[in-house]
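In what follows, a single structure is set out as structure tokens and then discussed.
Quick note on labels: first sequence line is chain A, next is B, and so on, each numbered from 1.
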Amino acid sequence: MADAEIVVITSGKGGVGKTTTSAAFATGLAMRGLKTVVIDFDVGLRNLDLIMGCERRVVYDFVNVINEEANIHQAMIKDKRADNLYILPASQTRDKDALSKEGVERVINQLKEEFDYIVCDSPAGIETGAQMALYFADKAIIVTNPEVSSVRDSDRILGILSSKSKRAEENLEPVKEMLLLTRYEPYRVERGDMLSVQDVEEILSIPLLGVIPESKAVLRASNAGSPVILDEQSDAGQAYHDAVSRFLGEDKPHRFLEIEKKGILQRLFKSKEREGAY
Amino acid sequence: MQTDEAVMRPSTKDAFQLKGSLFTLTIMQVVDLNCDKISIQLDNVVAGAPNFFQQAPMVLDFNHCKQPPTTQQLSSICDALQKHNISPIGICGDHSDILRQAAAENHLALFPKQKTEKSPSPAKTDASTRYKTRLITQPVRSGQQIYAKDADLIVTASVSNGAEILADGNIHIYGTLKGRALAGVGGDQDARIFCQQLEAELVSIAGLYQLNEDFAQKYPNKNMQIYLDNERLCISEL
């Protein structure tokens, strides 16, 4: 196995679903038999291990490996649900300055030889941490919520990708950018409260990888420490599965873009669900 | 041009041998093919340094002319030079077919294009608005700033909100302008901005600016241009 593909999950803005997406996406790739490692770049605010449900198994972390206080195999945690999945957690006690470009490069080069995919979970913002996460990327999944500030920040991070990534600096083929629209609510789009898929696509002008509907399943999955993609009954889980398929080149129609037509009973039930959503 | 060594070994039978050498030659950059004008200018130039031009070899450069000279025109120019005791020996620069033919018929040599030569062209001084061009093919994203110094700027994508593009010359946007665009930042009042859809946050020509007054609603899906007319910023459809 040679030369993994490096995928950064990034957004600029916080709270849009980067870590949820990283967890779901990495799990989805691993479930398809691809050997995948997901790295938490959010040093100081580590969350990925919580969402992946392995926070109690963290002994060494990414910063330890960079500082050569531990080797990569001591720090990687093997996921209990998916065979081919490993997690490299962030340090909770350090800050983003602990990441050096040389250190990150060394770790990534080491991982490249063993894995098919390296998924980099970027921290929010556009500073060192985020830049470090995207620097080595081959592909970038831009997680965006359908609202103006998130779209604006995504645009900003796209600018950084096209100017400050390794591929940009070395004049290689540019990082392949893909849009993942999360927390999408068709009924609010119809009411004009939310930007539509078309609006966001037009502003960012990058290909659409998928649309993840707003779903109770996401919060439930996070709290349970189990990536939402494993909840195959849920709309969000299915939407993530579709996105992973599209990422791997399959042609899947986009779902969950329209308001679902329901019977009266279901509608009553649904509105009750919605009240309890948050 | 470094050809100091003999290129052919002499043998006792040969009548001659070929060698390479390096000469400093004067180049005459012709901007106007009018032979009378050239003649008059030659009078003045040669009068200023008659010894320097005594049987001096001269290389002609027609790259700064609008079109290459015809055989006839080239012949007249050669005559004018010879009348002044100057020997035209060849033509340098880019050679078009017309020029090649004209050179051949006037028995002039062709010098290959010189890459190192960077003589300031006399044509440039009277065309102050001739800019280079900077081409941007990627979308200009929020937070990015692009400045085309002493150049026109062409963007073949959209310019996002929060992005800023500046040029000393004109700005052309083949896409939607949502950010800020400032043309003629060096003070050129003839600079213009062109775009396929105007939703800008700010547009400016030579320091005169206008903020977004909901351009998008005023001019939906229109090709627009922004220019100065008597120091007044004008925004109009194309």
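- Summarising the local packing, OH of B:Tyr147 is surrounded by more than 12 heavy atoms from other residues, nucleotides or ligands at distances under 6.0 Å.
- Around atom NZ of A:Lys176, no more than 12 heavy atoms belonging to other residues, nucleotides or ligands sit under 6.0 Å away.
- Within 6.0 Å of CD in B:Gln41 there are 12 or fewer heavy atoms belonging to other residues, nucleotides or ligands.
- Heavy atoms of A:Ile206 lying under 4.5 Å from chain B belong exclusively to its side chain.
- The distance from atom NZ of B:Lys178 to atom CD of A:Glu202, rounded to the nearest 0.5 Å, is 4.5 Å.
- When every heavy atom of B:Gln144 is checked against every heavy atom of A:Ser162, the shortest pair comes out as NE2-OG, 3.6 Å.
- Rounded to the nearest 0.5 angstrom, A:Ser163 OG and B:Arg141 CZ are separated by 11.0 Å.
- Surrounding CD of A:Glu258 are at most 12 heavy atoms belonging to other residues, nucleotides or ligands under 6.0 Å away.
- The number of heavy atoms from other shown groups lying within 6.0 Å of CD1 (B:Ile89) is above 12.
- Across all non-hydrogen atoms, the minimal contact from A:Asp155 to B:Asn161 is OD2-O, 4.1 Å.
- Shown here is A:Glu190, whose CD atom has no more than 12 heavy atoms of other residues, nucleotides or ligands within 6.0 Å.
- Atoms CG and OG, on A:Leu158 and B:Ser142 in that order, are 10.0 Å from each other to the nearest 0.5 Å.
- Both the backbone and the side chain of B:Ser160 come within less than 4.5 Å of a heavy atom in chain A.
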